[in-house]
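Structure first, then comments.
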Amino acid sequence: MIRMMMVGLALLAPAAWAGEGAALPHKDWGFEGVRATWDKDELYRGYTVATQVCMACHSFKYVSHRDLMRVGFTESEVQTLAKALNMDMNAKLKTGMDDATAKETFGKVPPDLSLMNRARPGGADYTYALMHGYSDDSATIVKYLPGGVPQGAYFNTYYPGHAIAMANPLSGPGLVTYHDGKEATVDQMAHDVSVFMQWTAEPERMDRQAWGVYVLIYLFIFTVLAYLTKRVIWKDVKKH
Ligand code: HEC
């Protein structure tokens, strides 16, 4: 039932992909489905990639370290993480790169990533695919960009238009060291940062889901009560 409702909702979501990027593969995410949860370790790993790799250029300006306490981090854990980045735990996650430098370097200001997974059709599927979408293979590139890759841009299968101003940020394994000893393969980092960005984009997701369950339980109890009431009433009616 919940699954059916979720499918229904998914169909209402912006299904119209711009059409310029390649079709997105769908991944099974822990934050989707009936048993959906935010996995603290996954988010911690995603946070590590986000702050140690992506934040060189991107901000997550709607998120502070303190917000991590909503997904099971303790205050002292959060404080330690913030301190390691020389940040106040209440400060928003802002990149050290100023817009002017960014524009000069990339020709574009790297967008804020807090809400990106909500802004792009496909959400986490898009971010994950984007991280895997880089290629040097000339046959692949020619297929999408017959005129070649424009100066200063990089080929990416999933970016609409296929020429992105961001070089492959996850260019090889081991860019970070994970707190749980998990191997930082490119795929693992792409996965974890996509989950982290899903959380920053819709931190209230699980609350919403919990409410959905309460509503279903309420409706169930209400139906049973209505049925019993009907039986009691009709019992009397039949007697007369
Ligand atoms: C060296 C700088 C740099 C780093 C590091 C970097 N990015 Fe970017 N990113 C950019 C720039 C520049 C753009 C704008 C690209 C464009 O629109 O052509 C961008 C755009 C994006 C977009 C938006 C694409 C779209 O559909 O508009 C996403 C998503 C993204 N980056 C994710 C990431 C993630 C995740 C990381 C870390 C793993 C990361 N970036 C690291 C520079 C960077």
Side-chain angles (χ1 to χ4, degrees), residues 13-27 29 31 42-63 85 92-135 141 144-145 147-178 182-202:
W17 172 240
E20 294 176 273
L24 287 180
H26 177 65
K27 204 171 187 319
W29 300 101
F31 57 75
E42 206 169 52
L43 286 173
Y44 194 156
R45 294 194 302 269
Y47 158 89
T48 305
V49 177
T51 50
Q52 291 182 24
V53 182
C54 318
M55 243 170 75
C57 302
H58 293 277
S59 292
F60 293 82
K61 69 177 176 195
Y62 295 112
V63 186
L85 297 177
K92 302 295 181 194
L93 301 179
K94 294 247 181 80
T95 176
M97 186 178 287
D98 66 282
D99 286 0
T101 313
K103 186 126 209 312
E104 206 178 296
T105 316
F106 309 112
K108 271 184 183 175
V109 178
D112 187 90
L113 291 185
S114 325
L115 305 178
M116 187 57 77
N117 274 17
R118 215 150 60 177
R120 294 286 177 273
D125 280 334
Y126 173 67
T127 298
Y128 177 75
L130 193 71
M131 296 295 111
H132 281 295
Y134 291 90
S135 173
I141 297 176
Y144 291 102
L145 288 177
V149 185
Q151 187 76 32
Y154 304 86
F155 171 79
N156 192 299
T157 313
Y158 297 102
Y159 184 72
H162 308 292
I164 187 166
M166 168 172 71
N168 185 356
L170 302 177
S171 53
L175 295 181
V176 298
T177 304
Y178 282 135
K182 208 163 194 114
E183 199 184 336
T185 60
V186 169
D187 187 60
Q188 188 68 49
M189 292 186 288
H191 173 97
D192 294 335
V193 82
S194 303
V195 173
F196 179 75
M197 283 170 58
Q198 195 66 30
W199 172 67
T200 63
E202 41 171 20

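If you're wondering where the values come from, they're calculated on a predicted model, not measured in any experiment. Counting convention: from 1, in listed order, for ligands and their atoms alike. Atoms considered below: every heavy atom in the structure, side chains included; atoms not considered: hydrogens, waters and symmetry mates.
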Once you round to the nearest 0.5 Å, how far does [atom1] of [X] lie from [atom2] of [Y]?
| X | Y | atom1 | atom2 | result |
| --- | --- | --- | --- | --- |
| N156 | H162 | CG | NE2 | 9.0 Å |
| Y128 | Q198 | OH | CD | 15.0 Å |
| W199 | S114 | CH2 | OG | 10.0 Å |

Practice task
Ignoring hydrogens and angles, tell me if any N or O in the side chain of H58 forms a donor-acceptor pair with the backbone of P111 under 3.5 Å.
Solution key: yes
Practice task
Keeping the roles fixed (side chain from S59, backbone from K94), state whether a donor-acceptor pair exists under 3.5 Å.
Solution key: no
Practice task
Return the option from M197, M55, H58 holding the heavy atom at the smallest distance from atom 39 (C) of ligand 1.
Solution key: H58
Starting from [atom], find the nearest protein heavy-atom neighbour and note its residue, name and distance.
| atom | result |
| --- | --- |
| atom 18 (O) of ligand 1 | A165 N, 2.8 Å |
| atom 30 (C) of ligand 1 | M166 CE, 3.5 Å |
| atom 17 (O) of ligand 1 | Y159 OH, 2.8 Å |
| atom 4 (C) of ligand 1 | C57 SG, 3.3 Å |
| atom 14 (C) of ligand 1 | P111 CD, 3.9 Å |

Exercise for the section: Please confirm whether M97 comes under 4.0 Å of ligand 1, counting heavy atoms of the residue only. Expected result: no
Practice task
Using distance alone, determine whether P160 and ligand 1 share an N or O pair under 3.5 Å.
Solution key: no
Practice task
May I ask you to check whether T127 has an N/O atom sitting below 3.5 Å from an N/O atom of ligand 1?
Solution key: no
Between [X] and [Y], is any side-chain donor less than 3.5 angstrom from a side-chain acceptor?
| X | Y | value |
| --- | --- | --- |
| T185 | D187 | no |
| Y47 | D192 | no |
| D125 | W29 | yes |
| S171 | N168 | no |

Under-4.0 Å heavy-atom contact with ligand 1, by part of [X] that carries it:
| X | answer |
| --- | --- |
| S194 | neither |
| C54 | both |
| V109 | neither |
| M131 | side chain |

Counting from 1, what ligand 1 atoms have a heavy atom of [X] closer than 4.0 Å?
| X | answer |
| --- | --- |
| V53 | 5 (C) |
| M116 | 23 (C), 29 (C) |
| Y126 | 24 (C), 25 (C), 26 (O) |
| I164 | 15 (C), 16 (C), 18 (O) |
| R120 | 25 (C), 26 (O), 27 (O) |

Exercise for the section: Evaluate whether atom NZ of K182 has more than 12 neighbouring non-hydrogen atoms of other residues, nucleotides or ligands under 6.0 angstrom away. Expected result: no
Exercise for the section: Apply side-chain contact (heavy atoms from CB on, under 4.5 Å) to the pair T127 and L113, showing each step before the final yes or no. Expected result: CA-CA 10 Å; T127 298; L113 291 185; over 6 Å; no
